[in-house]
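Here the structure is laid out as structure tokens; the discussion comes afterwards.
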Amino acid sequence: MNGTFQIRGGKRLHGEITPQGAKNEALQILCAVLLTDEEVRIKNIPDIHDVNRLIEILGDFGVKVTKNAHGDFTFKADKVNFDYIKSNEFKKDGAKLRGSIMLMGPMLARYGEAYMPTPGGDKIGRRRLDTHFQGLVELGAEFHYDEEEYFYSLKAKELNGKFILLEEASVTGTANIVMAAALAKGKTRIYNAACEPYLQQLCKMLNRMGANISGIGSNLLTIEGVTHLGGTEHTMLPDMVEIGSWIGLAAMTKSEITIKNVNWSQLGVIPNTFRKLGIQLEQSGDDIYIPSQENYKIQKFIDGSILTVSDAPWPGFTPDLLSIILVVATQAKGSLLVHQKMFESRLFFVDKLIDMGAQIILCDPHRATVIGLNQESPLRGTTMVSPDIRAGNALLIAALSAEGKSIIHNIEQIDRGYENIDGRLKAIGADIERI
Ligand SMILES: CC(=O)N[C@H]1[C@@H](OP(=O)(O)OP(=O)(O)OC[C@H]2O[C@@H](n3ccc(=O)[nH]c3=O)[C@H](O)[C@@H]2O)O[C@H](CO)[C@@H](O)[C@@H]1O
Ligand SMILES: C=C(OP(=O)(O)O)C(=O)O
């Protein structure tokens, strides 16, 4: 069931919104429960499709899953069932999301074998997995890819730590290698490691389970392998991509919004990147307060040239917020170049914004120039299909700011990353219905 939203835009919103737990952190943390036979309790788990699918996969794999409360689960991987992992059912289940790939590192480290279909996730260009397998093979695994079945397998009698220089700072790749190295023999050093807050959270949790990881937050991780990991408790950070989306929503709809409990110290360059678009936002305790603004003006570089916002591995700007930056720029005063360096097919949704009246030139698959309308001519409501999770949310924000009615089909793409998004938007005054 893919579902549709009907939105009547042009309303100012008002009130408080609380970000959900971080999707991409949850996917890493849930995979890590396989590393121990003891109980791991995880809180602030977002109730979203991708995460729920991963929890179901863990259950089918034999992990005991207990729901303590909303977003609060206990997992115990004391017995697992490899028949499921080798079955056609898992070939379908594992392929439904991207995050399932991070089951491989823990499976390999704990059981000496790991299997995975080509994972799903956003269709946003090539999404290679070479870095994952490069790292796991360097630790001693044998790798096989069945090209007919699109099925990966890894086997290892034992894993041995070593110096690994990653060819790219892959987020999920680093997570996979760290989890395997935590139970390998000896010392592993991972250079050019990704260091997103998701990974920092994972490493801190592994240390609480008895791992010995240092260099957390840097691109050089040192992992002294241990023979056994124990249980722990972990609470997910608020989702920084959601937080950025609500900042964009407030600006586009001229709304006064407070985003609660954002964990400001983990937001990196996100707040300042929105400020460069002229959006006022204030830190108030651990909340972000965004006053209602009639207009916002994009800054220029010091030499007077047009501002560029581009993505980069952390602590650079996350690619997952570029579609929000782009949509917000359509109603700013001034011009912006959005440069999506990581993914080839993430900017094509701009055609829909152009249909709605936005002034955008797609220069090539990676770059779009936006000429802001300075809130003088609102976007027009239209019918659209959500192409991917973040573009879907960007289109939703465009629809909430637009004059008239919009229809967004394929909202499964939005639901896979945002918990009860219609309910939470309604609570701050949005006119949105799930039809
Ligand atoms: C489930 C999950 O956590 N998904 C996130 C994860 O995906 P994922 O872990 O799949 O993404 P990777 O970090 O592996 O790479 C993302 C893309 O960037 C390219 N790349 C990466 C690193 C680098 O130094 N240079 C480079 O060009 C890769 O070739 C790839 O095309 O990280 C991405 C990048 O932040 C996010 O968009 C995804 O939301
Ligand atoms: C691209 C994303 O997700 P996934 O990696 O799960 O496709 C995302 O979270 O923006």
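Indexing begins at 1, ligand by ligand and atom by atom, following the structure's order.
- With a heavy-atom cut-off of 4.0 Å, Asp320 touches ligand 1 through its side chain alone.
- Under a 4.0 Å criterion applied to the non-hydrogen atoms of Gly121, ligand 2 contributes the atoms 7 (O).
- At least one donor-acceptor pair under 3.5 Å links the side chain of Asp286 to the backbone N or O of Trp264.
- Between Thr172 and ligand 1, at least one pair of N/O atoms sits closer than 3.5 Å.
- Among all non-hydrogen protein atoms, the one lying nearest atom 4 (N) of ligand 1 is Asn24 ND2, 3.6 Å.
- Of the heavy atoms in Lys123, none comes closer than 4.0 Å to ligand 2.
- Atoms of ligand 2 found under 4.0 Å from any heavy atom of Asp320, numbered from 1 in the order shown, are 8 (C), 9 (O), 10 (O).
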Would you please test Arg416 and Asp122 for salt bridge (Lys or Arg N to Asp or Glu O under 4.0 Å) and show each step?
-> CA-CA 10 Å; Arg416 96 184 172 80; Asp122 272 346; 2.6 Å; yes
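- Residue, atom and distance of the protein heavy atom nearest to atom 7 (O) of ligand 1 are Arg127 NH2, 3.4 Å.
- When ring centroids are compared, Phe90 and Tyr115 stay outside the 6.0 Å threshold.
- When Arg346, Arg98, Arg390 are ranked by how near their heavy atoms come to atom 1 (C) of ligand 2, first place goes to Arg346.
- A donor and an acceptor atom, one from each side chain of Asp355 and Thr382, are nowhere located under 3.5 Å apart.
- If you check the side chains of Tyr418 and Arg390, you find a donor sitting under 3.5 Å from an acceptor.
- Taking 4.0 Å as the cut-off, Ile124 counts as a neighbour of ligand 2 on heavy-atom distance.
- Nearest to atom 10 (O) of ligand 1 among the protein's heavy atoms is Arg98 NE, 2.9 Å.
- Residue-level proximity to ligand 1 for Val171 is carried by backbone and side chain together, each with a heavy atom below 4.0 angstrom.
- A heavy-atom distance below 4.5 Å is found between the side chains of Leu202 and Met179.
- Heavy atoms of Val241 found under 4.0 angstrom from ligand 2: none, in either backbone or side chain.
- For the pair Glu344/His366, a side-chain contact is recorded, criterion being any heavy-atom separation below 4.5 Å from C-beta on.
- Residue, atom and distance of the protein heavy atom nearest to atom 19 (C) of ligand 1 are Glu168 OE1, 3.9 Å.
- Residue Ser170 touches ligand 1 through backbone and side chain together, judged by heavy-atom distances below 4.0 Å.
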Passes salt bridge (Lys or Arg N to Asp or Glu O under 4.0 Å), Arg424 versus Glu242? Steps please.
-> CA-CA 12 Å; Arg424 290 192 292 152; Glu242 250 210 10; 2.4 Å; yes
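- Checked by atom type, the side-chain pair Asn68/Thr74 shows a donor-acceptor distance below 3.5 Å.
- Smallest separation of non-hydrogen atoms from Ile324 and Gly248: CG2-CA, 4.2 Å.
- For atom 16 (C) of ligand 1, the nearest protein heavy atom (residue, atom name, distance) is Phe343 CZ, 3.4 Å.
- Put simply, atom 14 (O) of ligand 1 has protein non-hydrogen atoms near it, under 4.0 Å away.
- Counting atoms of ligand 1 from 1 in the listed order, those under 4.0 Å from a heavy atom of Arg126 are 31 (O).
- When non-hydrogen atoms are compared, ligand 1 lies under 4.0 Å from the side chain of Arg346 (C-beta onward) but not from its backbone.
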Asp287 vs Lys260, salt bridge (Lys or Arg N to Asp or Glu O under 4.0 Å): CA-CA, chis, key distance, verdict | CA-CA 5 Å; Asp287 301 342; Lys260 300 296 291 175; 2.8 Å; yes
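- If you look at Met342 next to ligand 1, the close heavy atoms, those under 4.0 Å, come from the backbone and the side chain alike.
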